[in-house]
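Just follow the structure's listing: the first ligand is 1, and inside any ligand the first atom is 1. None of the values given here were measured: they were computed from a predicted structure.
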Amino acid sequence: MNMDNKVRGILIGRMQPIHKGHIQVIKKILEEVDEIIIGIGSAQLSHELKDPFTAGERVVMVTQALAEENIDPGRFYIIPMEDINFNAIWTAHVKMMTPPFSIVYSGNPLVKQLFEEEGYTVKNPPLYDRLHLSGSEVRRRMLAGENWQELVSDSTIEVMEEIRGVERLKNLSVKEISDL
Ligand SMILES: Nc1ncnc2c1ncn2[C@@H]1O[C@H](COP(=O)(O)OP(=O)(O)OP(=O)(O)O)[C@@H](O)[C@H]1O
Ligand SMILES: NC(=O)c1ccc[n+]([C@@H]2O[C@H](COP(=O)(O)O)[C@@H](O)[C@H]2O)c1
């Protein structure tokens, strides 16, 4: 039960980085709920090929991308969430870190299973242009020198330049190959 009677939904994703698919789904969820909680998943990870950006950098990217869309800042929370080793109590960990919510939006079968077992409503959000709109595709294009910019918001391009994100990813790829 919510302490303030607001209907809240939660969307958890690693946002490595946030892309136009996330933005569209966030807008869609905001048509259904009063407020959305955006959980930045695997918050402890950074400087890895699959997870190059820190939780703090991801918070900035998400905040600025939503500002660019003129989404009312009073309607969302951005909360970094570290992984824990115990799946059975992960939902309690998420609950502890967030404002009360009643709907979970996720297509991830494990996330769905864990929250359903705790009695939450889990909805499968629509996927937009999934062939192109995924964090993996953004990172792949960054490494390949292809057009990743079209997949993300202008503000994300700016943050990426500020933190030299593409250069970081390329350095990580050289390091991971040399570690093989
Ligand atoms: N193209 C998309 N359209 C709508 N929602 C999306 C899209 N891509 C991801 N999402 C949403 O974001 C959540 C996962 O976030 P995450 O940042 O892990 O996305 P991802 O793009 O699949 O990442 P990666 O490719 O790095 O694994 C999913 O549960 C899904 O609801
Ligand atoms: N035990 C745990 O810590 C646990 C369990 C399920 C999902 N998660 C996290 O939730 C997020 C889910 O995002 P995806 O839907 O993109 O996989 C990921 O960051 C994942 O690591 C963590």
Side-chain angles (χ1 to χ4, degrees), residues 8-33 36-63 65-66 69 71 76-98 101 103-118 120-144 146 148-153 156 159-160 165-166 168-169 172-173 176:
R8 289 196 192 89
I10 186 167
L11 174 76
I12 304 177
R14 295 175 5 269
M15 318 272 161
Q16 289 281 13
I18 185 168
H19 52 68
K20 288 179 179 173
H22 292 126
I23 308 241
Q24 285 188 71
V25 84
I26 288 167
K27 284 183 173 172
K28 175 83 183 141
I29 293 170
L30 278 171
E31 290 172 11
E32 298 179 9
V33 298
I36 183 170
I37 299 160
I38 301 161
I40 309 270
S42 305
Q44 80 283 5
L45 296 181
S46 73
H47 296 81
E48 293 180 12
L49 267 184
K50 192 177 165 216
D51 292 279
F53 309 116
T54 67
E57 289 164 347
R58 288 177 273 162
V59 168
V60 173
M61 288 187 240
V62 175
T63 308
L66 298 186
E69 297 293 322
I71 297 175
F76 61 84
Y77 301 83
I78 303 169
I79 302 185
M81 244 131 35
E82 290 174 29
D83 293 327
I84 58 168
N85 276 328
F86 312 99
N87 283 333
I89 56 170
W90 180 66
T91 52
H93 171 69
V94 171
K95 210 174 140 190
M96 180 185 79
M97 301 297 291
T98 55
F101 58 87
I103 310 171
V104 178
Y105 292 89
S106 180
N108 178 318
L110 175 61
V111 172
K112 185 173 156 62
Q113 169 100 32
L114 295 176
F115 276 107
E116 278 179 349
E117 283 180 11
E118 295 301 318
Y120 283 90
T121 301
V122 181
K123 292 192 179 177
N124 207 348
L127 285 171
Y128 301 96
D129 187 14
R130 187 61 181 164
L131 191 60
H132 303 108
L133 295 179
S134 73
S136 312
E137 177 63 8
V138 176
R139 298 190 302 277
R140 189 197 66 74
R141 289 191 188 189
M142 284 175 162
L143 283 173
E146 294 173 18
W148 57 272
Q149 291 91 340
E150 68 180 358
L151 308 181
V152 303
S153 305
T156 302
V159 177
M160 217 49 91
V166 177
R168 181 187 304 172
L169 197 62
L172 291 169
S173 107
E176 291 199 14

Is the closest N or O pair between [X] and ligand 2 shorter than 3.5 Å?
X: Asp83; value: yes
X: Ser106; value: no
X: Asn108; value: yes

Heavy-atom check, side chain of [X] versus side chain of [Y], under 4.5 Å:
X: Asp83; Y: Gln44; value: yes
X: Leu133; Y: Leu151; value: yes
X: Ile78; Y: Met15; value: no

message: Need the ligand 2 atom indices (1-based, order shown) with element for anything under 4.0 Å from a heavy-atom of Gly41.
response: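 Near Gly41, the atoms of ligand 2 are 19 (O).
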- prompt: Considering only heavy atoms of Ser42, which atoms of ligand 2 have at least one such atom less than 4.0 Å away?
  reply: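 Those of ligand 2 that fall under 4.0 Å from Ser42 are 18 (C), 19 (O), 20 (C), 21 (O).
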For [X] and ligand 1, does the shortest N/O to N/O distance drop below 3.5 Å?
X: Leu11; result: no
X: Val25; result: no
X: Arg14; result: yes
X: Tyr128; result: yes
X: Tyr105; result: no

query: How about atom 28 (C) of ligand 1: does it have a protein heavy atom within less than 4.0 Å?
result: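 Flag for atom 28 (C) of ligand 1 set to false, no protein heavy atom closer than 4.0 Å.
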Which heavy atom of the protein is the closest neighbour of [atom], given with residue, atom name and distance?
atom: atom 3 (O) of ligand 2; answer: Ile84 N, 2.8 Å
atom: atom 13 (O) of ligand 2; answer: Ile12 O, 3.8 Å
atom: atom 14 (C) of ligand 1; answer: Gly13 CA, 3.8 Å

Close-contact set for ligand 1 against [X] heavy atoms, below 4.0 Å:
X: Ser136; answer: 24 (P), 25 (O), 26 (O), 27 (O)
X: Met15; answer: 17 (O)
X: Pro125; answer: 31 (O)
X: Leu127; answer: 2 (C), 3 (N), 4 (C), 5 (N), 6 (C), 7 (C)

Say whether [X] and ligand 1 are in contact under the criterion: heavy-atom distance to a ligand atom below 4.0 Å.
X: Gln24; value: no
X: Glu137; value: no
X: Asn108; value: no
X: Pro126; value: yes
X: Arg139; value: yes
X: Val111; value: no

task: Report the part of Asn85 in contact with ligand 2, treating N, CA, C, O as backbone and CB onward as side chain, heavy atoms under 4.0 Å; options are side chain, backbone, both, neither.
output: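 Looking at Asn85 and ligand 2, no heavy atom falls under 4.0 Å.
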- prompt: Counting heavy atoms only, which part of Leu110 comes closer than 4.0 Å to ligand 2: side chain, backbone, both or neither?
  reply: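 Just the side chain.
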query: Do the ring planes of Tyr120 and Phe101 sit parallel (below 30°), tilted (30 to 60°) or perpendicular (above 60°)?
result: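 Plane angle under 30°, so parallel.
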